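Values in this document were obtained by computation on a predicted structure and should not be read as measured data.
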Amino acid sequence: MSRAFVKESETEWLGDVEPEIAALERFLTKESGGERITRIQSHNDKTSGKAIHEMSNGQSYTLDEDSRWRTA
């Protein structure tokens, strides 16, 4: 598909999402085709101390050193 047919707003990546849970939930919901994705629980990783967020899509996400979302 030509980039001419892709709107800029449709090319958002996980790492581009604002470092807030609500923004992550909106992004994941959009990516799932509209099935609402929410946080189930959060805990801190024992080795890194970073917050790990378990989501209703079965995946876990964390913020890296640059405050970008990534899968845990």
Heavy-atom nearest pair, Ile52 first then Ala72, reads CD1-CB, 3.8 Å
- Task: Keeping the roles fixed (side chain from Trp69, backbone from Glu18), state whether a donor-acceptor pair exists under 3.5 Å.
- Result: yes
Q | Evaluation steps, side chain to side chain contact (heavy atoms under 4.5 Å, CB included), between Val17 and Arg26 | A | CA-CA 9 Å; Val17 176; Arg26 282 190 303 273; over 6 Å; no
Problem - Non-hydrogen side-chain atoms of Leu14 and Leu24 separated by less than 4.5 Å - result: yes
Is a side-chain N or O of Glu25 found less than 3.5 angstrom from the main chain of Arg39, in a donor-acceptor match?
yes
One should read off an interatomic distance between Arg68 CZ and Trp13 CH2, to the nearest 0.5 angstrom, of 13.5 Å
Margin query: Could you go through His43 and His53, starting from their C-alpha distance and side-chain angles, then the distance that decides it, and tell me whether this counts as side chain to side chain contact (heavy atoms under 4.5 Å, CB included)?
Written below: CA-CA 7 Å; His43 64 277; His53 306 283; over 6 Å; no
Quick note, side chain to side chain donor-acceptor pair (under 3.5 Å) partners involving residues 55-65, not counting sequence neighbours, are Lys50-Glu65, Asn57-Tyr61
**Report entry** Arg36, CZ atom: more than 12 neighbouring heavy atoms under 6.0 Å
**Finding:** no
Within the structure provided, determine whether Met55 and Ile40 are in side-chain contact (heavy-atom separation under 4.5 Å). no
In terms of heavy-atom contacts, Pro19 and Ser67 come closest through CB-O, 3.5 Å
